[in-house]
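Counting begins at 1 with the first residue of the sequence. Just follow the structure's listing: the first ligand is 1, and inside any ligand the first atom is 1.
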Amino acid sequence: MAFKSMPARKLDEAIKLAEATGVGSELMETLIAARDMFQRRDDFTGEATSDHSKTLAKIEHGTYHHDWQGFYDQGKIPWVYRPTMFSGRLEGQFLKSLVSIHKPKRILEVGLFTGYGALSMAEALPADGEVVSLEICESLKTLAEELCKESHHAKKIRVEVGPAMETVKRFVAAGEKFDMMFLDGDKKDYLNLVKVAFDENLLSEDGTVLVDNAYFIGGAYNPDHPNHSIAMEFLKEVKSRPQLHYVMLPMNDGIMMIRRMKDVEREAA
Ligand SMILES: C[S@@+](CC[C@H](N)C(=O)[O-])C[C@H]1O[C@@H](n2cnc3c(N)ncnc32)[C@H](O)[C@@H]1O
């Protein structure tokens, strides 16, 4: 099941309402055409993107068919996780492509889940490259390692279990550096992670921070959404730093790419 944006979901609601209340056929046809256009655009985007590897397909299948309710009942996860929390083929291939261009050696992923994003990035890393992925649930480390184990690239992934901010502070104290950071864990940590990346130099020179769910599940562009204020606070912090260059990619729930301005804007000829 593909990620459905908030405008697409609103359109579904409008069609249901129109069916229930009865509207003219012309309006109904226009609403359905608009919904189908969203769907066809998503289908085309999928068709125009490389297929994923056998192991990534296995992770996708394992994510959709996992007993999340059972995991929750056994106290292994804090709430019943949705399979759609994984990054998916489009974003996975984007990450893989970006790693192949940017050529980072060390990547920090915040939020492992079932390992889809970590393996997508690991596939494009050199043999001595590393994805360090932070995950709060021990059970997900076990699940992701099981799902990834058939890939030759799995040995490039190291999982650190614990609350991300604690692990990150330990990394800063130890002087660790990462060439790319993929933020995809607790959205409340985003602001502090950006500060740690750029103020405490957890991000190496010429490094890139990628912020997943930068639309904050639609809250960024919906003033009534409970995530609206946190989305605005995050954006305000990023925009308050003239030394940063940032661009918002409208993929899935939004990906923001942040780099140091000096690494983006070069000297005049
Ligand atoms: C959206 S999923 C990550 C998806 C994954 N990056 C991918 O590409 O498929 C978010 C994950 O972050 C983990 N998480 C949430 N809060 C965390 C925290 N404070 N520290 C570390 N991991 C956390 C959750 O358990 C969950 O597995």
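- Within the listing of ligand 1, atoms 9 (O) sit less than 4.0 angstrom from a heavy atom of F86.
- Remark: aromatic rings of Y81 and F71 are distant, center separation not under 6.0 Å.
- Around atom NZ of K58, more than 12 heavy atoms belonging to other residues, nucleotides or ligands sit under 6.0 Å away.
- Nearest non-hydrogen protein atom to atom 1 (C) of ligand 1 is M85 O, 3.2 Å.
- A salt bridge is defined here as a Lys NZ or Arg NE, NH1 or NH2 lying under 4.0 Å from an Asp or Glu carboxylate O, and D206 with R259 meets this definition.
- In this structure, K105 and P126 approach most closely via the heavy-atom pair CD-CG, 3.8 Å.
- In this structure, atom 8 (O) of ligand 1 lies nearest to the protein heavy atom S87 OG, 2.7 Å.
- Those atoms of ligand 1 with a heavy atom of D186 less than 4.0 angstrom away are 15 (C), 16 (N).
- For atom 20 (N) of ligand 1, the nearest protein heavy atom (residue, atom name, distance) is A164 N, 2.9 Å.
- What sits closest to atom 10 (C) of ligand 1 on the protein, heavy atoms only, is D184 O, 3.1 Å.
- For atom 27 (O) of ligand 1, the nearest non-hydrogen atom from the set E135, K141, E91 comes from E135.
- Heavy-atom proximity to D189, at under 4.0 Å, picks out these atoms of ligand 1: 19 (N).
- Atom numbering of ligand 1 starts at 1 in the shown order; those under 4.0 Å from a heavy atom of E109 are 5 (C), 6 (N), 8 (O).
- Residues forming a side chain to side chain donor-acceptor pair (under 3.5 Å) with H152 (at least two apart in sequence, or on another chain): none.
- Interface atoms of ligand 1 facing G162, defined by a heavy-atom separation under 4.0 Å, are 20 (N), 21 (C).
- Each of the atoms 12 (O) of ligand 1 lies under 4.0 Å from some heavy atom of G185.
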| message | side chain to side chain contact (heavy atoms under 4.5 Å, CB included) for E91 and D212? Distances and angles first, verdict last. | response | CA-CA 9 Å; E91 195 167 337; D212 198 19; 2.8 Å; yes
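- Residues that satisfy the salt bridge (Lys or Arg N to Asp or Glu O under 4.0 Å) test with E146, not counting sequence neighbours, are K149.
- Set against the non-hydrogen atoms of P163, the atoms of ligand 1 under 4.0 Å away are 20 (N).
- One option in A144, G117, G111, P78 has a heavy atom closer to atom 6 (N) of ligand 1 than any other, and that option is G111.
- Considering every non-hydrogen atom in both D67 and G70, the closest pair reads OD1-N, 2.8 Å.
- Which parts of ligand 1 touch L140 is read off a 4.0 Å heavy-atom cut-off, strictly below it: atoms 25 (O), 27 (O).
- Inspection of the E160 and S133 side chains reveals no N or O donor paired with an N or O acceptor under 3.5 Å.
- Regarding atom 24 (C) of ligand 1, its nearest protein heavy-atom neighbour is Y81 OH, 3.4 Å.
- Contacts between V110 and ligand 1, counted as non-hydrogen atom pairs separated by less than 4.0 Å, are absent for every part of the residue.
- The two atoms that bring K177 and R106 nearest to each other are O-NH1, 3.1 Å, heavy atoms only.
- Using a non-hydrogen distance threshold of 4.0 Å, S133 does not register as a contact of ligand 1.
- The aromatic rings of Y116 and F86 lie perpendicular to each other, with more than 60° between the two planes, well past the 30° mark.
- On a distance-only criterion, I136 and ligand 1 share at least one N/O pair closer than 3.5 Å.
- Considering backbone and side-chain N/O atoms, N213 never comes within less than 3.5 Å of an N/O atom of ligand 1.
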